Amino acid sequence: MEALAVILVIALSTWLTVGWRGRYWRKRVARWADSEGVQLLHCRAAKRREGLARSAPTEGQSVFRVRVCDRDGAVKEAWLTFGRPANRGSAPDDLIDVTWDR
């Protein structure tokens, strides 16, 4: 019975942590879109070995794939990289790179 309680506490803690992180990053990416004057249509975390995530992220970096609509109505996609560039100090949620699709 005690083991079940421990498992439930660990599962709940993990679920809450993952949920908080997801909400935080959705808000952070939405703030970026607002600052760029674009409408955020879609955002997701990059999967392992996908796009720029194949070689770009180092420890402490987060990469996202976004689709936005600009002021002229054009739909564009980009990779956003947040975190610490190698050998430079910055906050974990600083935007360090935006790579637009061509």
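Since the structure is predicted, the reported quantities are computational estimates derived from the model, not experimental observations.
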| query | Same hydrophobic cluster for F82 and V98, using side-chain heavy-atom links shorter than 4.5 Å among ILVMFWY? | reply |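 Linked, F82 and V98 end up in one cluster.
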Output the distance between atom [atom1] ([X]) and atom [atom2] ([Y]), rounded to the nearest 0.5 Å.
X	Y	atom1	atom2	answer
L40	D34	CG	CG	8.5 Å
S35	L95	OG	CG	8.0 Å
R44	R67	CZ	CZ	9.0 Å

Measuring only between side-chain heavy atoms, which start at C-beta, is [X] closer than 4.5 Å to [Y]?
X	Y	answer
V63	L80	no
V66	E77	no
V68	H42	no

| message | Using the side chain to side chain donor-acceptor pair (under 3.5 Å) criterion, which residues pair with D70? Sequence neighbours excluded. | response |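 For D70, the residues satisfying side chain to side chain donor-acceptor pair (under 3.5 Å) (neighbours in sequence not counted) are K76.
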| message | Restricting to side chain to side chain donor-acceptor pair (under 3.5 Å), what partner residues turn up for Q39, sequence neighbours left out? | response |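 None.
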| Do the charged groups of D101 and R65 touch, with an N to O distance under 4.0 Å? |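 Yes, this pair counts.
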| query | Would W25 and F64 count as a ring pair (Phe, Tyr, Trp, His ring centres under 6.0 Å) if you check the C-alpha gap in whole Å, the side-chain angles of each, and the deciding distance to 0.1 Å? | reply | CA-CA 9 Å; W25 283 113; F64 296 90; 5.3 Å; yes
